[in-house]
Q: 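I'd like to ask some things about the structure below.
Here is how names work: the chains are called A, B, and so on, in the same order as the sequence lines, proteins then strands, and each is numbered from 1. Heavy-atom basis, side chains included; hydrogens, waters and symmetry copies ignored. All values reported here derive from a predicted model rather than from experimental measurement.
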Amino acid sequence: MTQVVVRLENIAKHYDDQIAVENLHLDIFAGEFLTLLGPSGCGKTTILRLIAGFEMPDSGNIFIGGVRVNDLAPNQRDVNTVFQSYALFPHMDVFDNVAFGLKIRGLKNREVFTRVTEVLEMVRLKGLEKRSVTQLSGGQQQRVAFARAVVNEPLVLLLDEPLSALDYRLRKEMQLELKRYQRKLGITFIFVTHDQEEAMTMSDRIIVMNQGRAEQVGTPKEIYEEPVNLFVANFIGEINIFDGFVVEIGSERLSTRMEGHMFHLLNRRGFQPGRKIRILLRPEDIQVHKTRPADYFPSLEGQVEELIYKGSTVDLQIRLASGKSVYVTEFFNEYAEDIFYSRGQQVWLRWFDGWEVILPDD
Amino acid sequence: MTEKSFFRRSAIGIVFFWITLFVLIPNLLVIICSFLERDPAHFIRFVFSTESYRNLFAAVFFRIFLNSFKNAFIATLVCLLLSYPFAILLCRVRPSLRRYLLVLIIIPFWTSSLIRTYALVILLKGNGILNSLLMGAGLIREPLQILYSDFAVFCGLVYTLLPFMILPLYGNIEKLDIRMVEAAFDLGASRMQTFFRIILPLTMPGIIAGSILVFLPALGLFYIPDILGGAKSMLIGNFIRDQFLTARDWPFGAAASVILTAVMGFMLLAYYYSLKRFNAKLME
């Protein structure tokens with residue numbers, strides 16, 4: 001089993017009357033890329049600041065490397081932070097910014113020089129040592145902030161939305177770059193973002209946060225394919241949600257009424273008859289047929305209302321007979337050369353048995 | 001001429017006229033006067049001479065000059081040491097209290113500083129309030145000779161000039177990004193290291209601005225050493241006034257004025273360039 005580097009035990013934190021973090025339990029393992037994902041104000045940055053030592057928890061314990069650090073100041077904790085707006089020291093050049101932590105620790109000039117040079121080379125800033133940090137581009141500043149933190153070889157690197165100030169292209173680039181550095185350095189990364197795509201791209205594990213609570217912890221795949229509740233399902237990617245009602249249950253399946261048809265779906269969560277449920281389907285899991293499929297599995301009938309051509313996909317908005325809108329994504333591939341539809345066209349929707357997610361209707 | 005450009009011209013014109021009349025012409029007169037000869041009967045004789053300047057480099061005047069700079073420097077240092085912690089405090093208290101404290105700093109400006117200096121006499125004199133308090137508390141038996149000492153002069157200078165140090169410092173410290181401090185802590189710096197390596201360099205413009213606003217007036221405020229120092233210590237401000245009013249050596253006083261103005265001008269220039277360099281570093 002991998003080693004736990006950070007353990008949050010029953011952490012709670014309030015600001016005045018506002019709950020920032022509520023009863024959080026979390027183990028973070030050595031070398032993993034963990035992302036705290038959630039809307040603004042969900043407590044993700046607070047967790048980062050608790051680990052860094054800028055905030056004190058109201059209750060609970062924080063362990064870093066097996067040591068309880070509740071009473072340790074930020075400068076005594078073996079973690080470093082990449083701040084949201086970088087917080088580079090404007091009165092120092094690139095070299096001095098990166099060397100700051102090493103000089104504070106009293107390293108010899110020669111070693112400082114070697115290590116700073118090494119890190120600057122890694123982040124492709126060699127030759128800019130004497131440049132003032134205020135003369136750098138956003139991407140370069142981001143790299144300096146990153147270099148300034150990792151040069152200290154911390155046990156854990158905390159990243160507080162470090163890419164949010166960059167434009168789309170640069171952000172994409174930096175995502176892959178950060179991921180590469182993380183693999184190379186083997187340092188545990190705790191990354192905070194509100195961008196679900198960013199979280200999916202980079203993380204080994206994602207924690208979806210909402211109102212101070214961890215809604216779900218899991219790999220990107222688990223979170224995308226098996227969301228445990230509607231918040232997670234809605235927050236990560238597009239999803240279609242149908243209302244259902246369990247009519248009866250069999251040995252493995254339940255029968256539910258949905259959009260005027262009876263469906264027999266796998267009853268993984270053991271729902272009982274009479275229960276109101278929600279049936280969740282990702283847009284790319286839905287198949288579109290131009291003629292009514294002729295087998296026992298029912299299909300949903302609707303009309304194409306909107307067509308959005310996106311290059312690699314075509315997104316369809318389909319209006320069902322009940323008036324409900326369904327989003328469908330169709331990919332271009334060798335089996336689906338015929339995915340062009342016209343507005344108003346009659347279509348039938350189906351999906352592979354078992355790809356749906358069924359959640360209780362709370 | 002359109003109405004708008006008439007407004008523009010008259011607005012600029014009035015100010016231009018005002019500054020010419022009350023700043024440029026008097027200063028020119030002083031400069032011209034400093035190059036003339038002394039005449040006991042008519043104050044000045046219209047003969048070109050650099051004698052006044054040559055006299056300035058005499059030992060006596062040089063000592064006065066140095067002494068003034070020393071005094072102004074100490075007053076500035078004391079102001080800085082008192083103001084810096086206070087300015088930090090101002091930035092950290094809750095906003096309602098901060099407004100109240102800022103008003104307290106500004107209130108003394110409502111009274112003439114000359115009157116406030118006389119008020120200090122009442123506080124500091126032999127049977128004054130300070131001595132009465134100290135004796136009442138049993139700390140001293142006999143009244144201390146505070147008035148007419150260098151200490152009293154420093155009290156007066158620091159008291160009068162303190163707001164000029166606090167306000168620029170406050171303006172600068174308030175703008176200091178708290179995340180810089182957090183970043184320094186995060187990188188392992190102690191409170192002391194953070195202060196000396198991050199906070200102090202980043203608030204340097206405020207320190208310099210405040211120091212200039214204190215140092216320059218401290219050189220010229222002649223009535224404070226006069227009233228509180230008992231006119232014992234001759235400072236450059238008193239010296240200039242005495243040349244005009246007592247010794248009636250106008251060219252000599254004018255020359256001292258020109259030198260003082262030139263020194264101040266150089267300091268302002270140095271400040272301007274250092275600030276420009278600093279800002280260029282920060283803003284680019």
Q: Need one label for Gln193(B): side chain, backbone, both or neither, based on atoms under 4.5 Å from any heavy atom in chain A.
A: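 The side chain, not the backbone.
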Q: Can we say Glu111(A) and Arg115(A) salt-bridge, meaning some charged N sits less than 4.0 Å from an Asp/Glu carboxylate O?
A: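 Salt bridge flag = yes for Arg115(A) with Glu111(A).
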Q: Where on Asn80(A) is there a heavy atom nearer than 4.5 Å to chain B: the side chain, the backbone, both, or neither?
A: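 Its backbone and side chain both get close to chain B.
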Q: Answer yes if the ring centres of Tyr181(A) and Phe146(A) are under 6.0 angstrom apart, and no otherwise.
A: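 Yes, they do, as the ring centres are separated by less than 6.0 Å.
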Q: Counting only heavy atoms closer than 4.5 Å, note whether Arg77(A) contacts chain B via side chain, backbone, both or neither.
A: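 Looking at Arg77(A), nothing touches chain B.
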Q: Give, as side chain, backbone, both or neither, the part of Phe54(A) having an atom under 4.5 angstrom from any heavy atom of chain B.
A: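 Side chain only.
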Q: With a 4.5 Å cut-off on heavy-atom pairs, point out which of Thr194(B), Asp177(B), Ile198(B) contacts chain A the most.
A: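 The answer is Ile198(B).
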Q: Does Lys13(A) come within less than 4.0 Å of Glu22(A), counting only side-chain N to carboxylate O?
A: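 Between Glu22(A) and Lys13(A) there is no salt bridge, as every charged N stays at least 4.0 Å from the carboxylate O atoms.
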Q: Count the heavy-atom pairs under 4.5 Å between each of Pro154(A), Pro74(A), Ala149(A), Gly53(A) and chain B, then report the option with the highest count.
A: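 Of the options given, most contacts go to Pro74(A).
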Q: Got a sec: does the CG of Asp167(A) have more than 12 other heavy atoms crowding it under 6.0 Å?
A: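 More than 12 within 6.0 Å, yes.
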Q: With only heavy atoms counted, which part of Arg49(A) is less than 4.5 Å from chain B, the side chain, the backbone, both or neither?
A: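 Arg49(A) touches chain B through side-chain heavy atoms alone.
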Q: Does the gap between the ring centers of Phe266(B) and Tyr271(B) come in under 6.0 Å?
A: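 Aromatic pair excluded; centres sit 6.0 Å or further apart.
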Q: For Leu102(A), which atoms come within 4.5 Å of any heavy atom of chain B: side chain, backbone, both, or neither?
A: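 Interface part for Leu102(A): neither.
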Q: Would you call Lys179(A) and Asp204(A) a salt bridge, taking side-chain N to carboxylate O under 4.0 Å as the test?
A: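 Salt bridge present between Lys179(A) and Asp204(A).
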